[in-house]
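Presented below is the structure to which this report refers.
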Amino acid sequence: MAIHRREPRTASPAPTGPAQTRAAQTRATPTSAAQTGATPTGATPSRSGGADRVRRPTREELAAAADRTIPDVIAPGLTVLFVGINPGLWSAATGRHFARPGNRFWPALHRGGFTPHRLHPSEQDTLPGYGLGITNMVDRASARADELTAAELVEGAEVLADKVRRHRPAWVAVVGVTAYRIGFGRPKAAFGPQPELLGDARLWVLPNPSGLNAHFTAETLGAAFGELRAATAGPA
């Protein structure tokens with residue numbers, strides 16, 4: 001796995017080099033609409049009743065969704081590639097990331113300043129227009145993330161490293177500190193920026209936005225996402 005250790009730092013100096021130059025260029029492109037409050041090409045502004053735009057899966061459909069996979073939302077040169085732990089059954093049944101009602105990823109993305117309005121999971125394909133993407137540490141769906149094995153998370157980190165090499169995002173944000181600790185062999189990792197790189201991408205760890213994570217409220221999740229947003233907008 002192409003993870004390179006960097007020396008700890010007490011401030012946020014201005015790193016230099018091709019990766020950081022590319023990251024700055026990515027953030028400066030017109031497609032990063034979150035920086036201007038504009039709606040990206042092809043995006044549909046959110047409307048009231050948005051949760052009704054996708055039919056709620058039945059209990060039988062949810063049960064049948066176990067072990068399914070869903071496509072990544074990814075493109076070359078993204079500003080941030082968000083990495084979920086693995087798809088939940090609701091996501092697998094609908095084909096939408098972070099789709100279960102009560103999951104707070106989409107509100108946190110908006111509260112953190114990445115999107116000018118709160119997106120519905122059915123609008124996930126507009127994310128690359130904001131310079132954003134979504135993938136998962138582990139592809140297979142399960143009812144709970146704790147059903148995954150440590151070996152799956154370690155293998156998933158290797159697969160993620162390959163995706164990062166191919167798509168070259170400026171930042172990789174893992175949404176779940178426990179999955180990051182296990183998958184990347186960093187048992188003492190904390191939230192926020194990490195001292196190593198993944199390929200050329202800078203690493204960040206965010207809280208899990210699942211409704212089961214009672215340690216974070218909608219407001220504190222939004223603030224955590226906002227810290228990453230500020231870092232991506234800062235000096236390269």
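Heavy-atom basis, side chains included; hydrogens, waters and symmetry copies ignored.
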Item checked: L221 to P209 - nearest heavy-atom pair and separation -> CD1-CA, 4.0 Å
Next item on the list: Please list, chain by chain and in numerical order, all residues satisfying side-chain contact (heavy atoms from CB on, under 4.5 Å) with A75, sequence neighbours excluded.
Entry: L78, P128
Check: With sequence neighbours excluded, what pairs up with A93 under the side-chain contact (heavy atoms from CB on, under 4.5 Å) test?
Finding: P57, L62, A65
Notebook entry, point to check: Side-chain contact, heavy-atom cut-off 4.5 Å: R100 with L89?
Noted result: no
Margin query: To the closest 0.5 Å, what do you measure between CG (L132) and OG1 (T115)?
Written below: 8.0 Å
Check: For P187, what residues pass the side-chain contact (heavy atoms from CB on, under 4.5 Å) criterion, not counting sequence neighbours?
Finding: none
Check: Should F105 and P121 count as side-chain neighbours, where that means a heavy-atom distance under 4.5 Å?
Finding: no
Check: CZ/R111 to CZ/F225 distance, rounded to the nearest 0.5 angstrom?
Finding: 12.0 Å
Checklist line | Residue that, paired with F82, satisfies ring-ring contact (aromatic ring centres under 6.0 Å, His included) out of F98, F114, W106, Y130 | finding: F114
Note to self: I need the minimum non-hydrogen distance between L206 and A173, along with the two atoms involved.
What the structure shows: CD1-CB, 3.9 Å
Check: side chain to side chain donor-acceptor pair (under 3.5 Å) with Q124: which residues, sequence neighbours excluded?
Finding: none
Note to self: Going by the rule salt bridge (charged side-chain N to carboxylate O under 4.0 Å, His left out), which residues pair with E61 if we only count those two or more places apart in sequence or in a different chain?
What the structure shows: R55
Next item on the list: Examine I74 and V174 and state if one hydrophobic cluster contains both, with Ile, Leu, Val, Met, Phe, Trp and Tyr joined whenever side-chain heavy atoms are less than 4.5 Å apart.
Entry: yes
Next item on the list: Please list all pairs passing the salt bridge (Lys or Arg N to Asp or Glu O under 4.0 Å) test where one or both residues lie in residues 70-84, with sequence neighbours left out.
Entry: D72-K163
Margin query: Do V164 and V138 sit in one hydrophobic cluster, given that two such residues count as connected whenever their side-chain heavy atoms are within less than 4.5 Å of each other, even indirectly?
Written below: yes
For residues 177-184, run the donor-acceptor check on the side chains, cut-off 3.5 Å, and write out each pair with its distance to 0.1 Å, sequence neighbours left out.
residue, atom, partner, partner atom, Å
Y180, OH, E196, OE2, 2.2
R181, NE, A189, O, 2.8
R181, NH2, A189, O, 2.8

Note to self: Can a donor-acceptor pair be found, under 3.5 Å and without considering hydrogens, that links the side chain of R118 to the backbone of H110?
What the structure shows: no
Note to self: Checking R68 now: which residues fulfil salt bridge (charged side-chain N to carboxylate O under 4.0 Å, His left out) with it, not counting sequence neighbours?
What the structure shows: none
Next item on the list: Hey, could you give me each pair passing salt bridge (Lys or Arg N to Asp or Glu O under 4.0 Å) that has a residue in residues 132-148? Not counting sequence neighbours.
Entry: D67-R140, R140-E152, R144-D146
Note to self: Quick check: is V73 connected to V80 through a chain of hydrophobic side chains (ILVMFWY, heavy atoms under 4.5 Å apart)?
What the structure shows: yes
Notebook entry, point to check: CD1 of I134 to CD1 of I70: how many Å apart, nearest 0.5 Å?
Noted result: 8.0 Å
Notebook entry, point to check: Can you find a heavy atom in the side chain of E227 that is under 4.5 Å from one in the side chain of P193?
Noted result: no
Checklist line | Nearest atoms (heavy-atom pairs only) where P207 meets V175 | finding: O-CG1, 3.2 Å
Checklist line | Atom pair CG/CH2 of L228 and W171 - distance to nearest 0.5 Å | finding: 6.5 Å
Next item on the list: Could you tell me the separation between the CG atom of L119 and the OG1 atom of T126, rounded to the nearest 0.5 Å?
Entry: 4.5 Å
Next item on the list: Without swapping roles, check the side chain of H120 against the backbone of S122 for a donor-acceptor pair under 3.5 Å.
Entry: yes
Check: If you look only at pairs with a residue in residues 213-226, which of them pass as a side chain to side chain donor-acceptor pair (under 3.5 Å), with sequence neighbours excluded?
Finding: T217-E219, T217-T220
Next item on the list: Kindly compute the distance separating OG1 (T79) from CG (L81), expressed to the nearest 0.5 Å.
Entry: 11.0 Å
Check: Any donor and acceptor pair, going by atom type alone, linking the side chain of R104 with main-chain N or O of S210 inside 3.5 Å?
Finding: yes
Note to self: Tell me every residue that passes side chain to side chain donor-acceptor pair (under 3.5 Å) with S142, counting only those two or more places apart in sequence or in another chain.
What the structure shows: N86
Notebook entry, point to check: Hey, does the side chain of S91 reach the backbone of P87 with a donor-acceptor pair shorter than 3.5 angstrom?
Noted result: no
Margin query: With clusters defined by side-chain heavy atoms of hydrophobic residues (ILVMFWY) lying less than 4.5 Å apart, directly or transitively, does V159 cluster with L197?
Written below: no
Note to self: The criterion is salt bridge (charged side-chain N to carboxylate O under 4.0 Å, His left out); which residues satisfy it with R166, sequence neighbours excluded?
What the structure shows: D162
